[in-house]
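Written below as structure tokens is the structure these notes are about.
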Amino acid sequence: MITIDTTNLCSHLQQKLFEAEGIYHSLWIAMQEDEELTAVVRQRQLHIYRQGKKVLILKGKAAPTIVREDPVCKMLSDRP
């Protein structure tokens with residue numbers, strides 16, 4: 001299970017991740033179940049890593065940045 005310090009996380013991103021109707025909420029749930037993923041808050045954004053390699057950056061108001069192809073990134077394109 002991933003735990004992050006939300007103190008410096010953008011409020012828009014917090015809503016998108018943690019609220020049930022948020023567009024990244026299903027991604028957050030999947031991240032909790034995947035033991036290979038870790039996440040760190042940097043510059044108010046959430047940087048997601050798989051086995052120590054950055055794969056995705058989630059931002060509050062801007063589009064996410066896919067750094068490397070990963071199954072977790074496919075969840076972004078599967079959103080309704």
Exercise for the section: Using the ring pair (Phe, Tyr, Trp, His ring centres under 6.0 Å) rule, collect all pairs that involve residues 49-69, keeping only residues at least two apart or in two chains. Expected result: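 Output for this query is empty, none listed.
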Taking a hydrophobic cluster as the set of Ile, Leu, Val, Met, Phe, Trp and Tyr residues connected by side-chain heavy atoms closer than 4.5 Å, whether directly or through intermediates, do [X] and [Y] fall within one such cluster?
X: Ile48; Y: Val67; value: no
X: Leu76; Y: Phe18; value: yes
X: Ile66; Y: Leu58; value: yes

Quick one: [atom1] on [X] to [atom2] on [Y], what's the gap to the nearest 0.5 Å?
X: Ile57; Y: Arg42; atom1: CD1; atom2: CZ; value: 9.5 Å
X: Leu9; Y: Gln14; atom1: CG; atom2: CD; value: 5.0 Å
X: Leu46; Y: Leu27; atom1: CG; atom2: CG; value: 8.5 Å
X: Lys61; Y: Leu13; atom1: NZ; atom2: CG; value: 12.5 Å
X: Leu17; Y: Met31; atom1: CG; atom2: CE; value: 7.0 Å
X: Asn8; Y: Gln45; atom1: CG; atom2: CD; value: 12.0 Å

Practice task
Check salt bridge (Lys or Arg N to Asp or Glu O under 4.0 Å) between Glu36 and all other residues, then give those that pass, not counting sequence neighbours.
Solution key: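 By the salt bridge (Lys or Arg N to Asp or Glu O under 4.0 Å) rule, Glu36 matches Arg50.
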Problem - Pairs touching residues 13-26 that satisfy salt bridge (Lys or Arg N to Asp or Glu O under 4.0 Å), sequence neighbours left out - result: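 Sorted pair list comes back empty.
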Problem - Option from Lys59, Gln15, Arg44 for which side chain to side chain contact (heavy atoms under 4.5 Å, CB included) with Cys10 holds - result: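 Among Lys59, Gln15, Arg44, the one meeting side chain to side chain contact (heavy atoms under 4.5 Å, CB included) with Cys10 is Arg44.
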Problem - Over all atoms of both residues, closest heavy-atom pair of Ala62 and Tyr24 - result: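 Minimum heavy-atom separation between Ala62 and Tyr24: O-OH, 4.4 Å.
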Exercise for the section: Compare every heavy atom of Ala30 with every heavy atom of Met75, then report the nearest pair and how far apart it is. Expected result: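 In terms of heavy atoms, the two residues are closest at SD-CB, 3.6 Å.
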Problem - Within-4.5 Å side-chain heavy-atom neighbours: Leu37 and Val72 - result: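 In contact.
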